[in-house]
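All figures in this text were calculated on a predicted structure; none of them were measured in a lab. Chain A is the first sequence line, chain B the second, and so forth, proteins listed ahead of strands; every chain is numbered from 1.
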Amino acid sequence: MEHTRRNKIVDLLKSKDFGSEVLVKGWVRTKRGNKNINFIALNDGSVIHSIQVVVEVANFDENTLKLVTTGSCIAVKGTLVESMGQGQHVEIQAKAIEVYGTADNETYPLQKKGHSLEFLREIAHLRPRTNTFGAVLRIRHAMAYGIHKYFNDQGFNYLHTPIITGSDAEGAGAMFRVTALDDKNPPMLPDGHVDYSQDFFGKETKLTVSGQLEAELGAMALSLVYTFGPTFRAENSNTPRHLAEFWMVEPEMAFYDIHDNMDLAEDFLKYLIQYALDHCYDDLEFLNKMYDNELIDRLKGVLECSFERLSYTEAVKILKASGQSWEFPVDWGTDLQAEHERYLVEKHFGKPVILTDYPKEIKAFYMKQNEDGKTVRAMDVLFPKIGEIIGGSQREENFDILVKRIHELNIPEKDVWWYLDTRKFGTAPHSGFGLGFERLILFVTGMSNIRDVIPFPRTPKNAEF
RNA sequence: UCCUCCUUAGCUCAGUUGGUUAGAGCAUCUGACUGUUAAUCAGAGGGUCGCAAGUUCAAGUCUUGCAGGGGGAGCCA
């Protein structure tokens, strides 16, 4: 049995090659039947559907069949036939079964019946074997591939930015420290602080919160670059939209202004959603049926509309004129709250919204300042259900203005000298944005908790598996 | 981190104003059934009621603390 190439279930389910000999290997979802005939639903993860294996009990060793239980892993050699039953077109008449791995029914946690997502989070090592997580993980893969394909086709270069960083300049949140010092007896300075000059890198280092600053360095040579890698935030965020370890996509484009940036963001998101509909329809259909009846309609809706683009200032006017009562008051100069963003996206416009030109005080130092002296060329893409999916901006390319802003915010110039050098030598107008990969997967799958769209979520108080 | 709700069988949950031996469905096990579709039917086993303390003649039920989880908020992607 080992020497024959196995057939993938995704291919067999589409096959009309009845009578051919096939070999399938996978995990048993259910076995049912009577003392004469058994039906095994076998899944190998190649597709959400299982294939039905028909077993004439008389032809098999009773002890072998006893080991074929929900969760066990088996290989089946048999004949592909047209199904006599109602639920499927093809099935396999089994000739030989080899059990690779048993799964004790008394202790195997996954049942034939549905489980709560909360319970499955506690057994994240086994949840990929469920229909739901199979679907989510296949979609996640397709989106990762689609991202690379999109940027490659557009002439972007995939730039690997560092995971370990010595700069704390992004200001995107609390960071995890990286150290090789003895945690029981670290070298100390006279002032009582740890002496990181004796650490592995000779300075204090952290896990990155963003690859953007380094991506800008790449864009100042290759014109079009993007990063796609893990990102870490040590914030104590306990929400269905935050992870301590997540994946972020950050394109950075020389010679793009804020409008080019918005065009790219919109086209990029639509491409990915179309890619999911084209390549993951079975999985989307399952998720649409089981979790979110409006999922596929919502995805198609995004493709059909053009994103509403307006300035922060205009948004504030709309919110003030809305007559809604807010938990947090709307006022020019304060950041918009989730309730405000939701109103704009879900009630007022009923489609994705791109907000631009925010007050500079509530945005990062590197964003390009407008002539009004008050706002910066930021752009946030807001999506229904999940809120901010993309945050980006045109970058400040003027050396003097950027240095002045850095001083205003008390960012040590010595930490970002290399970043400032790009504005000193051959500076160029440029733009970029960050897409939270898991937030994209949330939107595309219709899942409602970000912990269910990454295989092994890292959140406060949880680094299991 | 804040607000709020939850924690009872392997899973999902019910459990009345505090009162005898804590229930159901599914799962598991045993048996029946010649093609099933979350198979069906019959029977059986399965519980430190999250942990700790308190109130009470009596606590799954009331109080306090702790832990874990859900939802909302903040931080953000």
Enquirer: So how far is it from A:Glu314 CD to A:Arg309 CZ, rounded to the nearest 0.5 Å?
Expert: 13.0 Å

Enquirer: Looking at A:His340 and A:Gln337, would you say the former's side chain and the latter's main chain have a donor-acceptor pair under 3.5 Å?
Expert: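 Here the side-chain-to-backbone pair exists.
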
Enquirer: Using purine N1 to pyrimidine N3 plus N6-O4 or O6-N4 for Watson-Crick, or N1-O2 and O6-N3 for G-U wobble, both under 3.5 Å, which nucleotide pairs with B:rC41?
Expert: B:rG31

Enquirer: Using a heavy-atom cut-off of under 4.0 Å over every strand shown, decide if A:Leu243 touches base, sugar-phosphate, or nothing.
Expert: base

Enquirer: Roughly how far apart, to the nearest Å, are B:rA58 and B:rC41 at atom P?
Expert: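 Each nucleotide's P atom is 46 Å from the other's.
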
Enquirer: Between the base of B:rG35 and the side chain of A:Glu91, is there any donor-acceptor pair under 3.5 Å?
Expert: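 Yes, a donor-acceptor pair under 3.5 Å.
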
Enquirer: Under the ring-ring contact (aromatic ring centres under 6.0 Å, His included) criterion, do A:Tyr226 and A:Tyr158 qualify, and how do the steps go?
Expert: CA-CA 5 Å; A:Tyr226 71 104; A:Tyr158 180 25; 5.1 Å; yes

Enquirer: Heavy atoms only, 4.0 Å cut-off, all strands: where does A:Asn449 land among base, sugar-phosphate and nothing?
Expert: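 Sugar-phosphate, backbone atoms only, no base.
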
Enquirer: Counting distance alone, no hydrogens or angles: does the base of B:rU1 have a donor or acceptor under 3.5 Å from a partner atom on the side chain of A:Asn238?
Expert: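 Indeed there is one.
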
Enquirer: Taking pairing as Watson-Crick or G-U wobble with both contacts under 3.5 Å, can you name the mate of B:rA52, or confirm there isn't one?
Expert: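 Answer to the pairing question: B:rU64, which forms a Watson-Crick or G-U pair with B:rA52.
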
Enquirer: With rounding to the closest Å, how many angstrom separate the P atoms on B:rG72 and B:rU63?
Expert: 26 Å

Enquirer: Round to a whole Å and report the spacing from NZ of A:Lys385 to P of B:rG72.
Expert: 10 Å

Enquirer: Check every strand shown and say whether A:Ser83 touches a base, only sugar-phosphate, or nothing at a heavy-atom separation below 4.0 Å.
Expert: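 Answer is base: heavy atoms of A:Ser83 come under 4.0 Å of a base.
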
Enquirer: Specify the separation, in whole Å, of atom CD of A:Glu62 and atom P of B:rU30.
Expert: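 After rounding, the reported distance stands at 11 Å.
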
Enquirer: Answer with base, sugar-phosphate or nothing: what part of the nucleic acid does A:Arg29 contact at a heavy-atom distance below 4.0 Å?
Expert: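 Nothing, no heavy atom under 4.0 Å.
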
Enquirer: List, with names and distances, any nitrogen or oxygen atoms from the protein found under 3.5 Å away from nitrogen or oxygen atoms belonging to nucleotides 47-52 of chain B.
Expert:
none

Enquirer: For the residue pair A:Tyr366 / A:Gln212, report whether a side-chain donor-acceptor contact shorter than 3.5 Å exists.
Expert: yes

Enquirer: If I take atom NZ from residue A:Lys14 and atom NZ from residue A:Lys8, how far apart are they, to the nearest 0.5 angstrom?
Expert: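 If we round to the nearest 0.5 Å, A:Lys14:NZ and A:Lys8:NZ are 10.0 Å apart.
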
Enquirer: For A:Trp332, is the NZ or CZ atom of A:Lys374 found under 6.0 angstrom from the centre of its six-membered ring and inside 45 degrees of the ring axis?
Expert: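 So A:Lys374 does make the cation-pi contact.
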
Enquirer: Mind checking if A:Asn105 touches a base, just sugar-phosphate, or nothing, with heavy atoms under 4.0 Å?
Expert: sugar-phosphate

Enquirer: Would you say the base of B:rC75 and the side-chain of A:Ser237 have a donor-acceptor pair closer than 3.5 Å?
Expert: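 Indeed there is one.
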
Enquirer: Tell me what A:Leu440 touches on the nucleic acid: a base, only sugar-phosphate, or nothing, going by heavy atoms under 4.0 Å.
Expert: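 Nothing, no heavy atom under 4.0 Å.
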
Enquirer: What's A:Ala41 touching, base or sugar-phosphate or nothing? Going by heavy atoms closer than 4.0 Å.
Expert: nothing

Enquirer: Tell me if the aromatic rings of A:Phe246 and A:Phe437 count as close, with their centers under 6.0 Å from one another.
Expert: no

Enquirer: Please confirm whether the shortest side-chain N or O distance from A:Asn34 to OP1 or OP2 of B:rG35 is below 4.0 Å.
Expert: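 True: A:Asn34 side-chain N/O within range (under 4.0 Å) of B:rG35 OP1/OP2.
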
Enquirer: Hey, does A:Gln93 reach any base, or is it just sugar-phosphate, or nothing, if we go heavy atoms under 4.0 Å?
Expert: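 Since a base atom lies under 4.0 Å of A:Gln93, the category is base.
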
Enquirer: How is A:Phe328 classified with respect to the nucleic acid when contacts are heavy atoms under 4.0 Å: base, sugar-phosphate, or nothing?
Expert: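 Sugar-phosphate, backbone atoms only, no base.
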
Enquirer: For a quick check of understanding: with a heavy-atom distance under 4.0 Å over all strands, which category does A:Glu327 fall into, base, sugar-phosphate or nothing?
Expert: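 Nothing, no nucleic acid heavy atom in range.
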
Enquirer: Does a side-chain N or O from A:Gln337 land closer than 4.0 Å to OP1 or OP2 of B:rA73, or not?
Expert: no

Enquirer: How close or far is atom C1' of B:rC76 from atom CZ of A:Phe383, stated in whole angstroms?
Expert: 17 Å

Enquirer: Tell me, for nucleotides 8-14 of chain B in 5' to 3' order, what letter each nucleotide earns: B for a base near a protein heavy atom under 4.0 Å, S for only sugar-phosphate near one, - for neither?
Expert: --BSS--

Enquirer: If you compare every side-chain N and O of A:Lys35 against the phosphate oxygens of B:rC33 (OP1, OP2), does one of them come in below 4.0 Å?
Expert: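 For B:rC33, OP1/OP2 do have a side-chain N/O of A:Lys35 under 4.0 Å.
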
Enquirer: With both distances under 3.5 Å as the test, what is the Watson-Crick or G-U wobble partner of B:rU1?
Expert: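 B:rU1 is paired with B:rA73.
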
Enquirer: Calculate the interatomic distance between A:Met248 atom CE and B:rC76 atom P; express it in whole Å.
Expert: 13 Å

Enquirer: Could you tell me if the ring centre of A:Phe151 sits under 6.0 Å from that of A:Phe268?
Expert: yes

Enquirer: Sticking with atom C1', work out how far B:rG47 lies from B:rU40, rounded to a whole angstrom.
Expert: 29 Å

Enquirer: When all nucleic acid strands are considered with a 4.0 Å heavy-atom cut-off, which category describes A:Gly33: base, sugar-phosphate, or nothing?
Expert: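 The residue A:Gly33 makes base contact.
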
Enquirer: Sticking with atom P, work out how far B:rC2 lies from B:rC66, rounded to a whole angstrom.
Expert: 11 Å

Enquirer: Using a heavy-atom cut-off of under 4.0 Å over every strand shown, decide if A:Gln52 touches base, sugar-phosphate, or nothing.
Expert: base

Enquirer: Mind checking if A:Gln86 touches a base, just sugar-phosphate, or nothing, with heavy atoms under 4.0 Å?
Expert: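 Base, at least one base heavy atom under 4.0 Å.
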
Enquirer: Both conditions, 6.0 Å and 45 degrees, for the charged tip of A:Lys270 above the ring of A:Phe307: are they met here?
Expert: yes

